[in-house]
Protein chains: 2
Amino acid sequence: MTRRTTLTEVAQQAGVSEITVSRVLRNSGPIAPATRERVMEAVRALGYVPNRVAGTLASSGSNLVGIVLPSLANIVFPEVLRGAAGPLAKMGYQPVIAVTEYDPAREEALIESLLAWRPAGLMVTGLEHTPRAEAMLRNAGIRVAELMDSDGAGIDIIVGFSNVDAGRIAARHLLSRGYRRFGYVGHGGGATIGKDLRAEKRWSGFAMTLKEAGYAVSDKEIVDAPSSVAAGRYGLAELLARSPGLDAVYLSNDDMALGGYFHCLSQGISIPGQLALFGHNALDVGQVAPQPLSTVRTPRLKIGEIGAKLVCGDAPPQTVDVGIELIEGATA
Amino acid sequence: MTRRTTLTEVAQQAGVSEITVSRVLRNSGPIAPATRERVMEAVRALGYVPNRVAGTLASSGSNLVGIVLPSLANIVFPEVLRGAAGPLAKMGYQPVIAVTEYDPAREEALIESLLAWRPAGLMVTGLEHTPRAEAMLRNAGIRVAELMDSDGAGIDIIVGFSNVDAGRIAARHLLSRGYRRFGYVGHGGGATIGKDLRAEKRWSGFAMTLKEAGYAVSDKEIVDAPSSVAAGRYGLAELLARSPGLDAVYLSNDDMALGGYFHCLSQGISIPGQLALFGHNALDVGQVAPQPLSTVRTPRLKIGEIGAKLVCGDAPPQTVDVGIELIEGATA
DNA sequence: GTGTTGAATGACAGCGCTGTCATGGCTGCC
DNA sequence: GGCAGCCATGACAGCGCTGTCATTCAACAC
């Protein structure tokens with residue numbers, strides 16, 4: 001790395017002390033307009049870019065916010081990130097991101113290396129962490145937000161919704177529409193990817209609600225791959241090949257459900273007459289389809305947004321349930 | 001921020017000097033096994049997490065890599081990010097991300113604040129930057145990769161493909177299939193979002209190729225919103241309402257094209273008999289649709305991957321054209 | 001004229017780590 | 001036995017900035 005210009009050089013160029021330059025750049029303390037102008041000119045002339053590494057070390061406070069996401073393979077977590085990016089930028093924070101691929105061990109390692117940067121706050125996904133990860137989060141002395149799930153206890157700030165309820169809503173909707181022979185298509189992780197615990201919570205809410213009503217899932221296909229439209233299409237095809245009598249299928253999310261919908265379109269299976277499909281998330285793409293997917297809307301942008309604001313603020317620890325909403329759609 | 005344990009405390013606990021602890025933690029220099037064990041025990045006992053801010057300042061070299069993306073609203077850039085995340089993690093680097101919303105001024109500001117963290121490298125999107133942004137990138141003394149576009153000159157490393165060619169390929173395909181009455185549906189930015197220069201390059205390649213063949217685009221609809229499935233659906237509807245005689249429509253990307261496809265499905269417009277649709281990117285979702293979209297495949301994961309590797313390596317400045325591929329699909 | 005204020009600036013130490021050079025002890029070899 | 005050569009460890013300075021306290025000086029009151 002070539003030597004970059006430092007505060008000292010700017011100070012010399014402007015004929016003032018370093019601390020004065022520092023104050024000008026941070027708008028802190030009283031500065032004579034003439035001095036400010038002279039300093040800014042030197043900054044411009046030298047193309048000076050402040051070194052926040054040094055600044056952070058000196059002031060023990062960075063503008064970094066760590067964001068730990070399980071995956072970037074579908075649009076869900078990028079949307080959370082997008083929700084957070086706005087407020088963070090507005091408040092002068094910089095997101096540092098880490099992707100776990102749903103692997104708790106990787107999450108632990110990533111949390112540690114994020115913490116090494118002494119971030120101002122950390123946003124993580126979900127409530128389940130390894131004991132050491134949780135200990136690190138508790139002892140970090142910074143705000144921590146856990147996103148996307150409110151089914152459980154948290155560390156500091158929780159911003160999410162109940163995945164169990166999402167499954168329940170799906171089940172109740174399908175029951176109320178008169179469907180009785182239920183299937184489920186879920187996603188596994190493939191070889192290198194861990195379990196999607198929130199999808200499992202939805203599944204359990206779904207199964208539980210059916211059971212309470214005296215019904216059950218007749219058949220279940222778990223595609224051994226990360227969630228995707230292709231996986232959903234394949235999974236539904238498999239499921240129907242095995243169990244042609246089903247009249248309603250719950251899929252682990254809208255990617256999967258859209259895949260299932262595509263399968264039905266291709267095969268001439270009439271939706272929802274012959275088969276009902278229900279997803280999760282209310283992704284835009286599913287709502288613009290010829291028949292909007294029946295699903296549950298999750299406010300992902302809002303989760304990122306609120307999470308970011310709380311993590312950078314000084315509100316007390318709290319759980320924000322952003323709520324979810326049944327989207328009746330046209331596929332169930 | 002609560003006081004966190006420091007190297008010094010670990011050193012005291014282990015009965016060695018700070019530098020020894022430092023060496024153990026970084027596996028640098030010779031360390032007696034017994035000493036190493038004693039140090040690691042102290043680290044564990046105190047829950048010590050190294051402070052990379054201090055480390056970076058002392059050694060003038062961070063493990064941060066800045067990534068500047070125009071948008072997170074569709075899956076394209078998250079895929080680039082995902083492509084980069086793997087190699088970066090493997091090589092021990094941490095991505096810091098910034099989102100410009102296609103605004104060059106915002107890009108300039110974001111590059112500056114990324115540079116303030118003295119990253120090891122920077123990955124930006126596209127070849128067009130403000131003069132000051134470009135100057136900062138050139139003077140930063142770090143590796144810079146410009147991604148997603150190879151139509152122009154770059155600063156250091158370029159990893160991308162020709163968007164002009166993508167437009168040309170689309171035009172040639174439609175021409176070769178015998179279509180003659182062409183339309184275009186593009187996306188603008190909406191109120192707060194800048195121009196998508198790469199989409200404009202595709203458009204220009206498309207229009208140019210038609211012209212060379214003696215044809216032209218009869219009608220054009222630019223939706224004043226960021227690219228999305230909904231925008232594509234709306235845009236195609238508008239275009240067809242105005243110009244019902246078109247027989248082939250090029251859309252600015254696959255999101256838009258999928259929206260158009262959904263519109264046709266809803267309206268009973270037969271594809272590609274009555275109307276041909278051509279997109280860009282070969283998104284998974286479009287390839288799993290009942291009729292796979294006719295489009296051009298862009299290797300987005302690969303771009304992120306190669307960009308990350310080059311930025312963190314010491315290869316000479318170079319342009320890597322990852323190439324694109326016509327996907328004939330079934331919609332044109 | 002003296003003292004009081006407040007605005008504007010500076011001197012200095014230190015944030016937590018690592019690079020550099022120095023040191024002590026041990027092995028091996030003629 | 002003496003010395004080269006290596007292993008293991010340490011002392012010290014300094015990375016580039018900011019917090020704290022001190023200083024200067026003009027304006028103003030009495």
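In the text below, chain A, chain B and the rest are named by the order of the sequence lines, each starting its count at 1.
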Is any side-chain heavy atom of Val99(B) less than 4.5 Å from a side-chain heavy atom of Arg82(A)?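 Val99(B) vs Arg82(A): side chains apart.
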
Would you mind telling me which of Asp151(B), Asp196(B), Asp149(B) makes a salt bridge (charged side-chain N to carboxylate O under 4.0 Å, His left out) with Lys201(B)?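 One option only clears the test, and that one is Asp149(B).
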
The test is side chain to side chain donor-acceptor pair (under 3.5 Å); show your working for Thr298(A) and Arg300(A) and say whether it passes. CA-CA 6 Å; Thr298(A) 58; Arg300(A) 301 170 296 281; 2.9 Å; yes

Under 4.0 Å protein heavy-atom contact, by nucleotide of nucleotides 7-19 of chain D - B base, S sugar-phosphate only: -BBBB--BBBBBB

One thing to verify: whether Arg44(A) and Glu37(A) come together as a salt bridge, which I'm taking to mean a side-chain N less than 4.0 angstrom from a carboxylate O.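 Salt bridge: yes.
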
Out of Met123(A), Glu128(A), His129(A), which one pairs with Glu146(A) under the side chain to side chain contact (heavy atoms under 4.5 Å, CB included) rule?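 Going through Met123(A), Glu128(A), His129(A) one by one, the side chain to side chain contact (heavy atoms under 4.5 Å, CB included) with Glu146(A) is satisfied by His129(A) alone.
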
